[in-house]
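Following this message is one structure expressed as C-alpha cells.
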Amino acid sequence: MTCGNMMITEVYTVPAGMTVRAALKELQRRHVRSMPVIDGEGEYLGMFRFREMVRRVLPSSAGIPGGLQSLSFMADDVQALADKLGALEKHAVEEVMCTTLPALSPGSPFEEGFLQSYLHDSPLPVVGADGKLLGIFSKQRAMMELIKRIKE
Amino acid sequence: MSAGAGEAVTGQMVPWLAQAGATPLGVSTAILVITYAFIVSERVNRVVAALLGAGLMVGLGILNQDAAIRGVDFNTLALLTGMMIIVGVAKNSGMFEYVAIKAAQAVKADPRRLLAALALVTAVLSAMLDNVTTVMLVIPVTLLLAERLKLPLYPFLFSQIFASNIGGAATLIGDPPNIMIGSATGLPFMAFIENVALPSFICFFVTTVIFDLMWGRRMTAAEEDRKNVMNFRAREMIKDVPLLRKSLFCIFLALAGFTAGHSHGYEPGSVALFCAALLLLLDGLGHNAEEQGERVHKAFGTVEWNTIFFFIGLFIVVYGVESTGLLELFAHRLVELTKGNILATGMVVIWSSAILSAIVDNIPFVATMIPTIKAMGPTLGGDAALEPLWWCLSLGACLGGNGSLVGASANLIVAGFAERSGNRISFMRFMKLAFPLMLVTIVISSAYAWLFYF
C-alpha cells in the first residue's frame, strides 16, 4: 500500500493569488482546516491552513519559538486580534501559506505518509515528479483504511 | 590555568613534526591561529573549532592529557553550569516575565518611561544572571508590550541589548569574561562590585539618556492601549508560587555565597553548584523518584552544553600556547610597547578588548588575555599591580560586546526573536549606531579607569 493508493484525489485547492479573506471563506465553505495552494500550472506551492492564520493573529511574541507560553495574564482584547486579522485579509495566500510541510510522492509507503502526517499534525500533499499536486494524504482517511482491515 | 614557559606540562611533540624542524612554540601558535580563524569566520561551528584545536594540542604532543585537563578552569565551568541550572529551574515559576510586566505597569505603560524601565530590568537581571537567559525571558514580554502599545520595536530591542551587556559588566557573575577573570585571578565578588559596578552604572545612565533623546521622548501611545496594558494581570504570570519561593531563596543564597564566600575559601563555582543542587532538591520534594528524575533531566537540559564545551576547548588551546611560552612573549612585547607604563598598558587593554570584542566573540579573546596579563606581573611590579588591568579587560570585553550584532551571544538572541516576530534587525543598521555608542561607553570607562584604578 502506497500513499498514492491512499490519497484523496478530489481536493479543494486555492490559487496562489487568492486573497486571505477569500481563502478563509473557502475553508469555511468546504468545512476543512487546510487547502493546498497551487499555481496556474497546477504545481503545488504550499498549504493554506487555519493554523498559520491563528499564529499570525496571536501576539507576535506568543506564536514563535521561545516566545510566551501563556497569555492568561492578558486583559480581554479580542478587537486587537480582529484588527490583526483585518490587516491580513488583503494579502495573497502565497504570503501566508505554510511551505515547510513535506510533500509525499505517490510511491511513498503508507507508513511514511502515516508517520509524517502524525509528526506534522496536518494533511500532506502528494506530489508527482513534475511538481504537480496529485492528491492529499490524510491520517483520518488512513485510519479508516486500517479500521476496515481489522480482522474480526 | 597558569603555567610558566618551560614548566613540565608538555607532552612529547610528534616525531615527524620535530624532524621537520617545527618547534612547540610554532606548532602551538599555528593551532591557536587556525582555531581562532575558524571561530571568527564562522565557517565551522565555534564549539567544534575549539574542541578540534584542543584535540590537536594533545594529538600533536604540545600537551599531554593530564596537562590539558589541568588547563581547564573548572571553577568557571562550575559557576556557569550552576547558574544555568538555577535559572533553568527558576524560570518555570514565571518570575522574570512577572517582573517585566510589573515594571511596565509601574511606569503606567508610558512609552518614554517604559523604554528606560525595560532597559533597567534587563540590566539588573543581567547583573545577577547570565545575559542570554535574561534577554530570552524579557524580550518576549517586550515584543508583546510594544505590539499592544503600537510602538516601534527597534528602540526597545536596541536599548535592551545595550542594557544586557552593560548590566553583565557590573558583577562577577554577569558576563562570561568576568566569570573567567574572577576565576583566574581569585578577585572576589565584592571587588567587582567596587570596581566595575559604578562605571557600568554610569554607562547605563548615559546610554539611557541618549536613547531617551533619540527615541523615548517622541514615543506616544493611545490612552486605550495603555489602559489595556494596565489591565494585564501580572500575578497570572507566576505559574508556580512554591517554586518561586524556592528559586528566590536559592538565588539569594548564591548571591550571599558569592559576596561572603571568598573570605571563607568558597569559590563561586562551588557556591553556584551547591545552590543549583539545593534548588533541584527543593524542586523535587513531594515528587516520586521518577518525577524527580524527570525534573532533574529537564533542568540539566537547560544548560547550554555547547557553551561549556566551547570553554573547555578554549582553555586547552590557550593552555597549549601558554605552556610553550607564546603568551609570555606576547606580554613582554606589549610591556615594551607601553614602556612598562601601567596606565598606557591599561588603555591598550581596554581599547583593544572593546574593539576586538565588538568584532569577534569576547570569550576567546579574554581566555588569551588572562595568561598574557598574568605574564606581565613580574615586569609591572607583581600580581597586585595587575589589578587595574583586570578591570580594564573586564570593562573592555563586556562593553565591547555592544559594538555589533555578533559582539555578544545575547545580541544574537535578541536579533533571533526580532526576526521570528517579523522585525528583522539589520547588521549594518545596528552597527552604525551601536559601534559609536559602544565607543562612548569605552571613553567613559577609560576616564573612570584613569581616575580611579591607576
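To find a chain, count down the sequence lines: A is the first, B the second, and so on, and within it residues start at 1. From a predicted model like this one, the values you see are computed outputs, not experimental measurements.
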B/I139, B/N231, B/L137, B/D225: which one forms the most heavy-atom pairs within less than 4.5 Å of chain A? B/N231
Is the count of non-hydrogen atoms from other residues, nucleotides or ligands lying under 6.0 Å from B/K227 atom NZ greater than 12? no
Using every non-hydrogen atom in the two residues, find where B/R233 and A/S72 come nearest and quote the distance to one decimal. NH2-O, 2.9 Å
For atom CZ of B/R295, is the number of surrounding heavy atoms from other residues, nucleotides or ligands below 6.0 Å larger than 12? yes
Count the heavy atoms belonging to other residues, nucleotides or ligands that lie under 6.0 Å from CZ of A/R30, then report whether that count exceeds 12. yes
To the nearest 0.5 Å, how far apart are CG in A/L68 and CG in B/L143? 8.0 Å
Do other residues, nucleotides or ligands put more than 12 heavy atoms under 6.0 Å from B/M136 CE? no
Side chain, backbone, both or neither: which part of B/I101 has an atom under 4.5 Å from a heavy atom of chain A? side chain
Can you tell me if CZ on B/F300 sees more than 12 non-hydrogen neighbours from other groups inside 6.0 Å? no
Crowding at NZ, B/K102 (>12 non-hydrogen neighbours, <6.0 Å): no
Reported CE-to-CZ distance for the pair A/M74 and B/R148, which is rounded to 0.5 angstrom: 3.5 Å
What do you reckon, is OH of A/Y118 surrounded by more than 12 foreign heavy atoms closer than 6.0 Å? no
Hey, could you give me the CZ/OG distance between B/R420 and A/S60, rounded to the nearest 0.5 Å? 11.5 Å
Between B/F417 and chain A, which part of the residue has a heavy atom less than 4.5 Å away: side chain, backbone, both or neither? both
Which region of B/R235, side chain (C-beta onward) or backbone (N, CA, C, O), has a non-hydrogen atom less than 4.5 Å from a non-hydrogen atom of chain A, or is it both or neither? neither
Heavy-atom closest contact (B/E147 atom, A/L58 atom, distance): OE2-O, 4.3 Å
Using a cut-off of 6.0 Å, state whether more than 12 heavy atoms not belonging to A/Q28 lie near its atom CD. no
Residue from B/V229, B/T142, B/I413, B/N228 scoring the most non-hydrogen pairs under 4.5 Å with chain A is B/N228
Measuring only between side-chain heavy atoms, which start at C-beta, is B/V141 closer than 4.5 Å to A/F73? no
